[in-house]
Number of protein chains: 2
Amino acid sequence: MAQFNDTSAEIPGTPCLICEHGGLAFCGPGPGDADEPSRLSAMLGQVNLIAHDSVFREGDPATHLYSISQGAVKLYKLLSDGRRQVTAFLFAGDFFGLALDGGYAYTAETMTPALLCRFPRRKLEALFAEVPRLERRLLGLAIDDLAAAHEQMLLLGRKTAREKVASFLVMLDRRAARRGHHGPAVALPMSRSDIADYLGLTIETVSRTLTQFRRDGLIGLPDLGHAVLREADRLRQIADGG
Amino acid sequence: MAQFNDTSAEIPGTPCLICEHGGLAFCGPGPGDADEPSRLSAMLGQVNLIAHDSVFREGDPATHLYSISQGAVKLYKLLSDGRRQVTAFLFAGDFFGLALDGGYAYTAETMTPALLCRFPRRKLEALFAEVPRLERRLLGLAIDDLAAAHEQMLLLGRKTAREKVASFLVMLDRRAARRGHHGPAVALPMSRSDIADYLGLTIETVSRTLTQFRRDGLIGLPDLGHAVLREADRLRQIADGG
DNA sequence: CGAATCCTTGACAAGATTCAACTCGGGTGG
DNA sequence: CCACCCGAGTTGAATCTTGTCAAGGATTCG
């Protein structure tokens with residue numbers, strides 16, 4: 001585990017695809033500052049991973065900051081007996097790996113083949129002095145993550161299975177739209193087991209709830225990897241406790 | 001609600017007590033940089049709140065950043081039907097209120113009478129340019145919060161009631177020790193209802209679990225507001241899923 | 001084509017919630 | 001001064017949502 005795919009292990013200097021992603025990630029170009037992206041791309045490296053490969057593990061020294069160029073990644077934490085909590089699903093344009101000297105707080109694993117950009121933490125910190133806007137951006141992204149974490153705590157602590165699954169589908173749909181995916185179906189690159197561990201449920205409960213939504217005409221399930229939100233408004237209502 | 005106590009509404013320029021708290025909060029003095037604290041205290045204001053007073057509400061415009069000088073504060077989010085998730089308990093030296101233009105992501109309420117330091121967000125951002133170390137500190141604190149949030153997700157999604165309550169007691173004990181409180185009893189300034197909403201349980205389950213711990217000799221409950229961890233190691237073991 | 005893995009479905013069990021009664025302690029007012 | 005009241009907490013019994021265990025079906029991949 002944790003090996004990088006041989007085909008293109010690391011390509012320093014190659015321009016980062018996510019820099020084209022409209023500023024979603026921290027390496028995106030900012031207004032009136034054309035110099036910064038080139039400085040960043042000069043220090044970033046790309047890593048190409050196969051599906052179900054681990055990027056780093058909880059407790060590993062936090063050497064790099066990652067940004068997803070292509071593919072999907074999940075973050076999770078484990079209890080000693082193997083119980084797992086998936087804390088985030090990430091897609092193109094998202095970043096992860098923000099950590100202090102204590103090491104990464106979670107394990108990061110690809111769900112699909114993925115192309116990641118990564119930045120050495122040390123070099124990035126040195127660059128902060130020259131480009132303060134960078135650190136501001138990173139702080140903003142951390143605050144976004146924090147808000148998402150609080151929202152997930154509300155879900156885990158206080159929502160029913162039905163509300164959790166509805167929230168999950170609505171969240172994926174909203175984020176897919178933000179990335180420009182406006183097709184009828186939302187992609188589910190994660191397994192039922194991943195979904196269960198994200199929502200604090202079992203795979204059986206996730207499966208049963210999805211089936212019930214399908215029977216009620218709220219969603220379509222054309223195949224295991226996709227869901228169609230037929231009654232998105234109703235799902236949003238369920239997600240918020242209605 | 002949300003009124004400041006009349007007795008000492010705001011005292012600009014008064015030195016912030018938490019600046020003496022050994023660098024726990026972001027306004028603490030750093031090595032070789034005696035200038036910064038004075039600049040900060042020049043722009044901070046103190047607010048004195050009674051118990052069970054709200055500091056700000058979820059969605060309010062994020063005008064200030066807060067730091068606790070004295071007292072205890074809780075953060076929470078609500079669902080439309082009143083279900084509540086407490087996302088954090090905060091004590092002297094802790095800070096809160098980090099938010100972007102979307103407004104605060106949670107409501108903040110005192111649990112005890114509290115003395116807070118607050119910094120206007122606008123002015124703080126202006127100061128970032130002059131004192132880059134400040135922004136670095138804030139980013140570090142945000143990363144700490146993020147790690148705590150992930151830990152809480154693991155608790156909410158995957159721990160049993162017994163493990164949740166044990167984790168809660170151990171967490172309070174560890175944080176009290178960090179603040180220099182080494183007495184035999186850990187303070188519980190929050191109500192059973194707050195604890196339940198923090199752990200994703202009901203007050204009855206919290207009460208029953210505490211009683212069971214007491215019967216098993218793991219803890220003492222001298223009064224409603226205190227707990228004595230008699231078997232701290234065993235509690236830590238339970239908290240981690242043993 | 002076969003084997004393995006993932007998912008779905010069903011029957012049953014259990015941990016936590018709900019509902020309800022009771023206790024305790026503090027504050028108030030007769 | 002003390003009885004009363006009220007809110008908070010505890011305890012008990014019944015219920016229920018979700019988890020556990022087990023079997024069957026589907027999809028994928030060698």
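Computed from a predicted structure; not experimentally measured. Below, chain A is the first sequence line, B the second, and so on; all start at residue 1.
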Under 3.5 Å, N/O pairs linking protein and nucleotides 19-23 of chain C:
| residue | atom | partner | partner atom | Å |
| --- | --- | --- | --- | --- |
| C:dC19 | N4 | B:Glu204 | OE2 | 3.1 |

What nitrogen or oxygen pairs link the protein and nucleotides 12-16 of chain C at under 3.5 Å?
| residue | atom | partner | partner atom | Å |
| --- | --- | --- | --- | --- |
| C:dA16 | OP1 | B:Ala161 | N | 2.8 |

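- Not less than 6.0 angstrom separates the ring centroid of B:Tyr106 from the ring centroid of B:Phe96.
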Report the C-alpha distance between B:Gln85 and B:Tyr76 in whole Å, list the side-chain angles of each, state the deciding distance to 0.1 Å, and finish with yes or no for side chain to side chain donor-acceptor pair (under 3.5 Å).
CA-CA 5 Å; B:Gln85 180 64 42; B:Tyr76 65 83; over 6 Å; no
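- Between A:Arg83 atom CZ and D:dG19 atom C1' the separation is 13 Å, expressed in whole Å.
- A donor atom on one side chain and an acceptor atom on the other are found under 3.5 Å apart for A:Ser167 and A:Lys159.
- One finds no salt bridge joining A:Asp60 and A:Arg57 here, because no Lys/Arg side-chain nitrogen approaches an Asp/Glu carboxylate oxygen to under 4.0 Å.
- Aromatic pair A:Phe89/A:Tyr198: ring centres closer than 6.0 Å.
- Using a 30° and 60° split on the angle between ring planes, B:Tyr104 and B:Tyr66 fall in the tilted class, from 30° to 60°.
- The closest side-chain donor-acceptor pair between A:Gln237 and A:Arg234 falls under 3.5 angstrom.
- Closest-nucleotide positions on DNA chain D for B:Leu221 and B:Arg158 were compared, and the one nearer the 5' end corresponds to B:Leu221.
- With hydrogens and angles ignored, the 3.5 Å screen pairs no side-chain donor or acceptor of A:Lys77 with any backbone N or O of B:Leu154.
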Using atom names, set out every protein N or O paired with an N or O of nucleotides 2-6 of chain C below 3.5 Å, distance rounded to 0.1 Å.
none

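- A salt bridge is defined here as a Lys NZ or Arg NE, NH1 or NH2 lying under 4.0 Å from an Asp or Glu carboxylate O, and B:Arg83 with A:Glu163 meets this definition.
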